[in-house]
Amino acid sequence: MRILSGIQPSGKLHVGNYLGAMKQHLDLQDKGEAFYFIADLHALTTVKEPQALRDHIRDVALDYLALGLDPQKCTFYRQSDIHQVPELAWILTTVTPMGLLERCHSYKDKVAKGIPADHGLFAYPVLMAADILIVDSNVVPVGKDQKQHVEVTRDIAGRFNNLYQSEVFVIPEDRILPEAGVVPGIDGQKMSKSYGNAIDIFLEGKALKERVFSVVTDSAPVDAPKDPDSNNVFNLLKLFVSAEEQAEWRDRFLAGGLKYSDAKKRLLQVLDETFGPARERRKELAKDKDYVEGVLRAGAARVEPIAATTLARARRACGID
Ligand code: ADP
Ligand code: TRP
C-alpha cells in the first residue's frame, strides 16, 4: 500500500494540525510505503514573502522530524524538488473541467477570507492531484477539509484513464480519522493559523502557560454545576486524556465545585507530557544546519525515478513521447 500526504509550509503547526493530520501520518509510517512532502509550490498561493517561505519549509520539516517522522521508514521530500510534478499538473489541467474546480469549497473559502483569486489558487487541486498520482498513491491521509480535493483527484485520474483508454493512474482513496473531528481553538472556533486562536505544538514554558490560561471560559461561580460539552477547556483536555480520566473530569464539571484553573493546569500538563520530548528533540535537530536539507534531498532522490516513470506513462498515453 502506498500512502501519500503533503503539508503546506504556511506557518507554525498547531495542536489541530497534529490531531487532525500529523498523528495519522506518523502512525501510518509503519503500515505501508509512506511518502510525505512539504508542499512549497502550494504554499506559494498564500505565502508571498521569500524569507518567510524558506523559514516555514525548514520549520515544518523540523517539526515533523522532531515529532517522530522517521526518514528511514518513509520518504520525506520537498515538492519543488520533483520537477515532474508541475509537468504532470499541466497535463492534468487539460482534462479538468472548470466546473469541477469552481465547486471546490477550499477555493471559495480562501477567496471569502480575502486571499486574491489568482490562477494558482484556483488550480490548487490540480497540482494536488499531480502530487498524489505521480507516486501511484493508494491512500491519502488528510483532515476532513481536504476530502473534496481527493475526490477531485479521483475524478481527474478517471477522466484521463478513460479518455486515453489506459490505466495510467491508480485511483486513490482518502483516509480521515473520524475521531479527530475539528479541534477547537482557545475561543471554541476551529483551531486555525489564520484565526489567531491556535495553540502551537512547540510553544513552551511561560508562553504556553499564558496561552492555555487564555482559553475562553464563562464566569460561572466555582460552586455551580458546569456543562462540560460546551466548555473549551474540557473539549481540548478530552483529546489528550484516557477515557477514564475524561469521565472523571466530566463528573467534576457536572458536580460543581470545579475551578476552571484546575482543568487548565491539567491541560497544560498533558500538553507538556505529549509534546515535551519532541520539543527537546527539535532543539537537538536544529543544531545541525545541514540535517534537514540532507533528509529532503535523499527523499527527493528516492521519489524522482518513480515520478519519472509515471510521467513517462502519462506522456506516452497522450501522445507526447
Ligand atoms: P490551518 O487551518 O491552521 O491553516 P491547514 O489548512 O494548513 O491548517 O491544515 C493542515 C492539516 O491540518 C489539514 O489536513 C487539516 O485538515 C488539519 N487541520 C487543521 N486545523 C485543524 C483542526 N482545527 N482540527 C482538525 N484538523 C485540522
Ligand atoms: N492541500 C493540503 C493541505 O492544505 C496539502 C497538500 C498538497 C496535500 N498536496 C497534497 C495533501 C497531496 C495530501 C496530498 O493540507
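Predicted model only: the values in this text are computed from it and were never measured. For ligands, and for the atoms within them, numbers begin at 1 and follow the listed sequence. Atoms considered below: every heavy atom in the structure, side chains included; atoms not considered: hydrogens, waters and symmetry mates.
At a heavy-atom distance under 4.0 Å, only side-chain atoms of A21, from C-beta outward, approach ligand 1. At a 4.0 Å heavy-atom cut-off, ligand 2 does not touch Q79 at all. Using a 4.0 Å cut-off between heavy atoms, L127 makes no contact with ligand 2 at all. At a heavy-atom distance under 4.0 Å, no atom of Y36 approaches ligand 2. Neither the backbone nor the side chain of D145 comes within 4.0 Å of ligand 2, counting heavy atoms alone. Contacts of M22 with ligand 1, taken as heavy-atom pairs under 4.0 Å, are absent altogether. Counting heavy atoms closer than 4.0 Å to ligand 2, residue V150 contributes nothing at all.
Nearest to atom 17 (C) of ligand 1 by heavy-atom distance, out of T46, V15, N17, is N17. Compare A43, S10, G16 by their heavy atoms: the one nearest to atom 27 (C) of ligand 1 is in G16. When the options L19, V183, D145 are ranked by their closest heavy atom to atom 15 (C) of ligand 1, first place goes to D145.
Checked against the 6.0 Å centroid criterion, the rings of Y124 and Y107 do not qualify as a close aromatic pair.
Taking atom 7 (C) of ligand 2 as the reference point, the nearest protein heavy-atom neighbour is H42 ND1, 3.4 Å. Among all non-hydrogen protein atoms, the one lying nearest atom 5 (C) of ligand 2 is G6 O, 3.5 Å. Summary of contacts: the protein heavy atom closest to atom 1 (N) of ligand 2 is Y124 OH, 2.7 Å. If you check which protein heavy atom lies closest to atom 12 (C) of ligand 2, you get M128 CG, 3.6 Å. Nearest to atom 2 (C) of ligand 2 among the protein's heavy atoms is Q146 OE1, 3.4 Å. Looking at atom 9 (N) of ligand 2, its nearest protein heavy atom turns out to be D131 OD2, 2.8 Å.
Within the cation-pi definition used here (under 6.0 Å to the ring centroid, within 45° of the axis), R302 does not qualify as a partner of Y77. Taking the centre and axis of the six-membered ring of Y260, the NZ or CZ atom of K226 falls inside the cone set by 45° and 6.0 Å.
Those atoms of ligand 1 that come under 4.0 Å of a heavy atom in V182, given as number and element, are 24 (N). Within ligand 1, the atoms closer than 4.0 Å to a non-hydrogen atom of G143 are 14 (O), 16 (O), numbered from 1 in the order shown.
No more than 12 heavy atoms of other residues, nucleotides or ligands sit less than 6.0 Å from atom NZ of K23. By the neighbour-count criterion of 12 heavy atoms within 6.0 Å, atom NZ of K238 is densely surrounded, having more than that number from other residues, nucleotides or ligands.
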